[in-house]
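Structure first, commentary second.
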Amino acid sequence: MKPVFALVDCNNFYASCERVFRPDLRDRPVVVLSNNDGCIIARSKEAKALGIKMGAPFFQVREQLAEQGVVCFSSNYALYADMSSRVMGILEQEAPRVEIYSIDEAFLDLSGIEGCCDLTEFGRQVKAKVDQCTGITVGIGIAPTKTLAKLANHAAKRYPATGSVVNLMDSARQRRLMALVDVAEVWGVGRRLVKKLNQRGIFTALDLADANPKMLRSEYSVVLERTIQELNGWSCLALEQVPPTKQQIVASRSFGERITDQASLRQAITMHISRAGEKLRAEQQLAKVLQVFIRTGAFNEHDPYYANALSCELPTPTDDTRVLQKAADELLSKLYRAGYRYAKAGVMLTDFYQYNTLQADLFYDASSHAKAQTLMGVMDQINQSGRGQLYLAAQGHEQHWAMKRERLSPAYTTDWQSLPLVR
DNA sequence: TCTGGGGTCCTAGGACCC
DNA sequence: TCTGGGGTCCTAGGACCC
């Protein structure tokens, strides 16, 4: 059976989420800022039309945005994650198999439904349903491979006449579109690769599709060879319905203000360890290797620069926040140098083990490990219940370095106190 | 003063083994 | 002049993605 993929992608997702609950902003330019109100990471259509650049540092464009009447939001991940799960829920109702690819994108496997209905019409129905139920508009690209579906989605967004649904099952139509599209737009072709491909005379997606896959593989990598095959309608990337288990977990943040003392760094590292531990337990895994890293600002030429990381192997794999915190603290003591203005710190967990395949050593104490797991379970439950927060004292109560979020919108969908009111 | 966070995969090269 | 051949595992770094 010929495979059929659809890529559903939410338009300007974060900016759209903010606008769903603020109808007064419907036609106004809106941008959403990264953590710490650092850079611009999402723009509404109107904001893009004003020429506002993706990734622009907020402090550099702040005045200009104010003059242009652009509404700015701090990022509100609780809201975006909840809106995302609503959108994905609808897709799961509509399509037989779904791969949630990112917070705002999903691949659908539509193989076999051609016989029952017109693919383009199906796409329009899905789009209308998502719009009606969530207020989020999406673009949909349909094609025989994931890479072509991505390209079709790109076209759906770029050409309004398509009604945001593009069916690219026909190979003549694929070639017509590819001839119009810059090779930089192809999924898997990043900035570095574009330069090299341009030097070889490959400028459009079609140039790449017609290139020799074996030759480009030997010069670059098997990834690019697969991309070429996919552009030619040979599906190399399958739908992945079950997310593969994670291989690493990272928790890190820049500080709202620079830190110079070790005590504050210790608080921050403890907080990151707690978050990483929660993620690890949600994955039902144990970690053996822990890394801690700290660094000063990367942009200021006047301040001395220092960035360093240290890792250690734990005696046995663990998911106990307290054990991880103790190890992290020792690493931090070795890493810390006085006299620097630190901008960011974080932790990384790697080398994971499943609960039941754990290879215990001679001194492994099963009963104390079971107790620790119960304790961590209770802690996670309380923290998720919304009734209060349990955390290690080392995290501190007042964090002067906490993330800057000066333009945060309410948690409209995840907090009773913040429900929008209709009068 | 102020520039995000969290992932994956691939490859080359070194260490080590028989 | 000339110093084997073949394999695995691990790590660091590069490139990409959203």
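First the proteins, then the strands, lettered A, B, ... as listed; each starts at 1. Atom set for the values below is all heavy atoms of this structure, side chains included, hydrogens, waters and symmetry mates excluded.
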Please classify the nucleic acid contact of [X] as base, sugar-phosphate, or nothing, using heavy-atom distances under 4.0 Å.
| X | result |
| --- | --- |
| A/D104 | sugar-phosphate |
| A/Q247 | sugar-phosphate |
| A/L193 | sugar-phosphate |
| A/R226 | sugar-phosphate |
| A/Y101 | sugar-phosphate |
| A/K404 | nothing |
| A/A56 | nothing |
| A/I249 | sugar-phosphate |
| A/Q60 | base |

How many Å lie between [atom1] on [X] and [atom2] on [N], as a whole number?
| X | N | atom1 | atom2 | result |
| --- | --- | --- | --- | --- |
| A/I103 | B/dG5 | CD1 | C1' | 12 Å |
| A/W401 | B/dC2 | CH2 | P | 18 Å |
| A/Y220 | B/dA12 | OH | C1' | 17 Å |
| A/E225 | B/dC10 | CD | P | 12 Å |
| A/M348 | B/dG5 | CE | P | 15 Å |
| A/L224 | B/dT11 | CG | C1' | 14 Å |
| A/E99 | B/dG7 | CD | P | 17 Å |
| A/R295 | B/dG5 | CZ | P | 8 Å |

For this session: Name the pairing partner of B/dC18, where a pair is Watson-Crick or G-U wobble with both distances under 3.5 Å, or state none.
Result: C/dG5

Taking only side-chain N and O atoms of [X], does any of them lie within less than 4.0 angstrom of OP1 or OP2 on [N]?
| X | N | result |
| --- | --- | --- |
| A/K150 | C/dC17 | no |
| A/R341 | B/dT1 | no |
| A/S75 | B/dG4 | no |
| A/R275 | B/dG6 | yes |
| A/S221 | B/dC9 | no |
| A/R258 | B/dC2 | yes |
| A/K146 | C/dC17 | no |

Between [options], spot the one nearest the side chain of [X], thanks.
| X | options | value |
| --- | --- | --- |
| A/V223 | B/dT8, B/dC10, B/dC2 | B/dC10 |
| A/R253 | B/dC9, B/dG5, B/dC2 | B/dG5 |
| A/K246 | C/dC18, B/dT8, B/dG5 | B/dT8 |
| A/K279 | B/dG6, C/dC16, C/dC17 | B/dG6 |
| A/S34 | B/dT3, B/dG5, B/dG4 | B/dG4 |

Problem set entry | Given DNA chain B, 5'-ward residue of the pair A/N36 and A/V222, judged by closest heavy atom | A/N36

Problem set entry | Residue whose nearest DNA chain B nucleotide is more 5′ - A/R62 or A/V250 |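 In this pair, the answer is A/R62.
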
Does this structure show an ion pair linking [X] with [Y], if we count only N-O contacts that are shorter than 4.0 Å?
| X | Y | result |
| --- | --- | --- |
| A/E67 | A/R62 | no |
| A/R28 | A/E46 | no |
| A/D109 | A/K146 | no |

Exercise. If we take the C1' atom in both C/dC17 and B/dG4, what is their distance in whole Å?
Worked result: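 Rounded to whole Å, the distance is 15 Å.
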
For this session: Begin with the C-alpha distance, continue with both residues' side-chain angles, and end with the deciding distance and a verdict on side chain to side chain donor-acceptor pair (under 3.5 Å) for A/D131 and A/T137.
Result: CA-CA 5 Å; A/D131 198 349; A/T137 58; over 6 Å; no

Exercise. Quick one: is the NZ or CZ of A/K246 closer than 6.0 Å to the six-membered ring centre of A/F352, and within 45° of its axis?
Worked result: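 No, A/K246 and A/F352 do not form such a contact.
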
Exercise. Picking from A/Y14, A/F73, A/Y412, what satisfies ring-ring contact (aromatic ring centres under 6.0 Å, His included) with A/Y80?
Worked result: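 Going through A/Y14, A/F73, A/Y412 one by one, the ring-ring contact (aromatic ring centres under 6.0 Å, His included) with A/Y80 is satisfied by A/Y14 alone.
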
Exercise. Is the ring centre of A/Y101 less than 6.0 Å from the ring centre of A/W187?
Worked result: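 So the answer is yes for these two rings.
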
